[in-house]
Amino acid sequence: MRWSNLFIPTLRDAPADAEAASHKLLVQGGFIRQLHAGHYSLLPLGLKVHDKVERIVRDEMDSIGAQEFLLPAMHPASIWRESGRWEVMGDEMFRLTDRKGADLALGMTHEEIFTTLALEISSYKTLPQIWYQIQWKFRDEPRPKSGLLRVREFAMKDSYSFDLDEAGLDANFRLHHDAYVRIFDRLGLPAIPVEASSGSMGGSGSTEFMVPSDAGEDDVVRCPNGDYAANLERATSALPAVADRSELTDLVRFPTPGIRTIAALEEVEGGAPAVHQIKTMVMVLDGEITLALVRGDHQLNIQKLLDASGAIELRPATPEETLEHLGANPGSLGAVGVEGKRIIADESLRGRVGLTTGANEDDWHYTGVSVERDIAVDQWADLREVSAGEACPVCGTDLEIARCIESGHIFKLGTKYSEVLGATVLDPDGKNVPLVMGSYGIGIGRAVAAIAETHRDDRGLIWPVSVAPYEAVITVVSIKDEASMTAAEALYSDLRSRGIDVVLDDRNARAGVKFADSELIGIPFRVTIGPRALADGQVEFTARRSGETERVSLDSVADLLAGAVSAAR
RNA sequence: CGGGACGUGGCGCAGCUCGGUAGCGCACCUGCUUUGGGAGCAGGGGGUCGUGGGUUCAAAUCCCGCCGUCCCGACCA
């Protein structure tokens, strides 16, 4: 392509309301434009990168035997009602009504639709199957942000595996895991596979692929030794044992005027260190008042509570609700003697004695609490959030917490969808069994943003060759110099015939403008053709990432460039 | 959903306090000069000042409503 004919609207300044580096650079470099919050137009340059990411994903999916489909983006409500997710998805699903008054939804994901197609799989002999598509997803995010990182409309590669049994699912899960490792490697993304929560997808296991970045929205707990990595929503750590204050055998109610916090209760006469306190949090799970108990020095992780309880909707109780149901205000709450309310307690409290907690009357607390004896716990679960510096559950090393972009997610769904939608096959014994499913996603646009986030410097983007909008640019310093243009045209045509994705910068602009633009949009290799060097039969070859420039002969530059490109592809 | 900030040409901003019918830089068009790191001079085009209402002789500016965009929060009892 000739730059003079292209629409690459680069900006001198980044838009003022952009915060994330990828957002600024993708707008400034003329890759994307915002239509409204969470909806972006891909400009030609942006689409080229998007396409190249798609191509790599397709290539790796095909390599594990996956077959490409294209399913509708708009679905009837009935199929979502059948799976039970019409309600589960809540406000995050875009819903609309057609002229006949029928309820429709814009697809957030396609388990239901693919499973419906899988109704036609009738024999174990056709298993396993891996089906995928790259299709637009619509999610009414509460807060779209950071350019392409969190949007309401985006292309996603979603694949689904269908197997006769768990062993088959494990094999397909492993195939996807390895394909994802290769995909992220080819995209230049240092993705870490981590244990994750399954959220509204359901299922027995899931792994997220997390790219460390300040612009991320998830926290990953990981061991520097590399033997443990998990999403903060799932992570555990090895806790040192606590010696109970077992001398406090009797339940004693004592006055604590004005004491409202764990910290204050540590200081007060008759109080207790935080490890000997119970923190009682009043939450509303699907409309039901529930007490969540963690150790005084621990923090509750909301996602863990959601996962443990199976609840769809969760919010903290209002002060009014708390007062109505427990009879006291926050700061004096506890679960001792509470009946008729669901109580979920963290594992670290199991069997503990000699504890201190609120007495459900303002300005009063209990001490000498035995969890077994005094609290009617309905469910034990891992509810506490890991902090940096705690011990790795595998090797004991201090754990680190890193901000990450969730770039891929693979789930073992099991039979959740096949059962409700009736997708069964006959097994070798002639028995009808539900398909065992997995589901696997990669956000294409988010991958583009994640690459931009991790491949840049103060001059702009530095695309990996595999996804660069152009692999090389020929910068003609002076288009009025006939010898320059002749040489440039010949090189351009040579490179194109070698299959290199090259752009000829033939704009009538100053050299500085051309250099700055090519650096901003991140083209990996540049050949600069200027009158002075050309007089000696020389041109310049510059690698964007290192910034190093070498003088080479015009005759040899095509070979050099072709070699560099194919080595980096 | 809670809090904060913002909305003036394609981008970045000033003007608003104190009302008088819109300006700067970049970008764009024309001409001349220039030409290896975002050129200079001269001339020019482009704006319902987010939107609806109100006050006023007069509103970008003051008042009220709405819409939109961005950021933070939505566990720490």
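Proteins come first, then strands; the chains are lettered A, B, ... in the order of their sequence lines, and each starts at number 1. Predicted model, so just to flag it, every value in this text is computed and none were measured.
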Contact class for [X] (heavy atom, under 4.0 Å): base, sugar-phosphate, or nothing?
{"X": "A:R526", "result": "base"}
{"X": "A:A516", "result": "base"}
{"X": "A:V282", "result": "base"}

Roughly how many Å apart are [M] and [N], using the [atom1] atom of each and rounding to a whole number?
{"N": "B:A5", "M": "B:G23", "atom1": "P", "value": "30 Å"}
{"N": "B:G15", "M": "B:G20", "atom1": "P", "value": "14 Å"}
{"N": "B:C72", "M": "B:C29", "atom1": "C1'", "value": "44 Å"}
{"N": "B:U61", "M": "B:G52", "atom1": "P", "value": "12 Å"}
{"N": "B:C28", "M": "B:G3", "atom1": "P", "value": "44 Å"}
{"N": "B:C16", "M": "B:C57", "atom1": "P", "value": "24 Å"}
{"N": "B:A60", "M": "B:U17", "atom1": "P", "value": "12 Å"}
{"N": "B:U51", "M": "B:A59", "atom1": "P", "value": "15 Å"}

A:D374 side chain to A:S370 main-chain N or O, any donor-acceptor pair under 3.5 Å?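 Yes; at least one donor-acceptor contact below 3.5 Å.
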State whether the side chain of A:Y470 and the backbone N or O of A:P524 hold a donor-acceptor pair below 3.5 Å, judged by distance alone.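 No, because the side chain of A:Y470 does not come within donor-acceptor range (under 3.5 Å) of the backbone of A:P524.
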Among [options], find the nucleotide with the atom closest to the side chain of [X].
{"X": "A:K279", "options": "B:G37, B:A39, B:C76", "result": "B:C76"}
{"X": "A:A16", "options": "B:C76, B:A77, B:C13", "result": "B:C13"}
{"X": "A:T322", "options": "B:C75, B:G36, B:A77", "result": "B:A77"}
{"X": "A:Q34", "options": "B:U69, B:C75, B:A77", "result": "B:U69"}
{"X": "A:P15", "options": "B:G12, B:G38, B:C75", "result": "B:G12"}

Any cation-pi pair here, A:R85 with A:W80, using under 6.0 Å and within 45°? no
Distance-only donor-acceptor check, side chains [X] and [Y], under 3.5 Å:
{"X": "A:D481", "Y": "A:S478", "answer": "no"}
{"X": "A:S348", "Y": "A:R350", "answer": "no"}
{"X": "A:T475", "Y": "A:D505", "answer": "no"}
{"X": "A:D506", "Y": "A:S4", "answer": "yes"}

State the pairing partner of [N]; accept Watson-Crick or G-U wobble contacts with both distances under 3.5 Å, and report none otherwise.
{"N": "B:G7", "answer": "B:C67"}
{"N": "B:A27", "answer": "none"}
{"N": "B:U34", "answer": "none"}
{"N": "B:C75", "answer": "none"}
{"N": "B:G46", "answer": "none"}
{"N": "B:A14", "answer": "none"}
{"N": "B:A59", "answer": "none"}

Give the rounded distance in Å between these two atoms: [atom1] of [X] and [atom2] of [N].
{"X": "A:L11", "N": "B:C13", "atom1": "CG", "atom2": "P", "answer": "12 Å"}
{"X": "A:I262", "N": "B:C75", "atom1": "CD1", "atom2": "P", "answer": "17 Å"}
{"X": "A:K304", "N": "B:C76", "atom1": "NZ", "atom2": "P", "answer": "17 Å"}
{"X": "A:D307", "N": "B:C75", "atom1": "CG", "atom2": "P", "answer": "15 Å"}
{"X": "A:H36", "N": "B:C67", "atom1": "NE2", "atom2": "C1'", "answer": "14 Å"}
{"X": "A:D505", "N": "B:G38", "atom1": "CG", "atom2": "C1'", "answer": "13 Å"}
{"X": "A:D13", "N": "B:C11", "atom1": "CG", "atom2": "C1'", "answer": "6 Å"}
{"X": "A:R403", "N": "B:C72", "atom1": "CZ", "atom2": "P", "answer": "9 Å"}

Would you say the ring centroid of A:W463 lies under 6.0 angstrom from that of A:F31? yes
RNA chain B nearest-nucleotide lookup for A:E19 and A:V477: closer to the 5′ end is A:V477
More 5' along RNA chain B: A:H23 or A:S332, using each one's nearest nucleotide?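 In this pair, the answer is A:H23.
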When the ring planes of A:Y40 and A:H23 are compared, do they come out parallel, tilted or perpendicular, using 30° and 60° as the limits?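 A:Y40 and A:H23: perpendicular rings.
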Has the side chain of A:Q28 got a donor or acceptor atom sitting under 3.5 Å from an opposite partner on the base of B:C11?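 Such a pair does not exist between side chain and base.
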Classify the side chain of A:R510 and the base of B:G40 as holding, or not holding, a donor-acceptor pair under 3.5 Å. no
So if I take residues 141-151 of chain A and measure heavy-atom distances to RNA chain B, which residues fall below 4.0 Å?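 Within residues 141-151 of chain A, the residues near RNA chain B are A:R143, A:K145, A:S146.
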Note: A:K145-A:E217 ion pair, threshold 4.0 Å (strictly below):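 Yes.
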Given B:C75, is OP1 or OP2 found less than 4.0 Å from the side-chain N or O atoms of A:Q303?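 For B:C75, OP1/OP2 do not have a side-chain N/O of A:Q303 under 4.0 Å.
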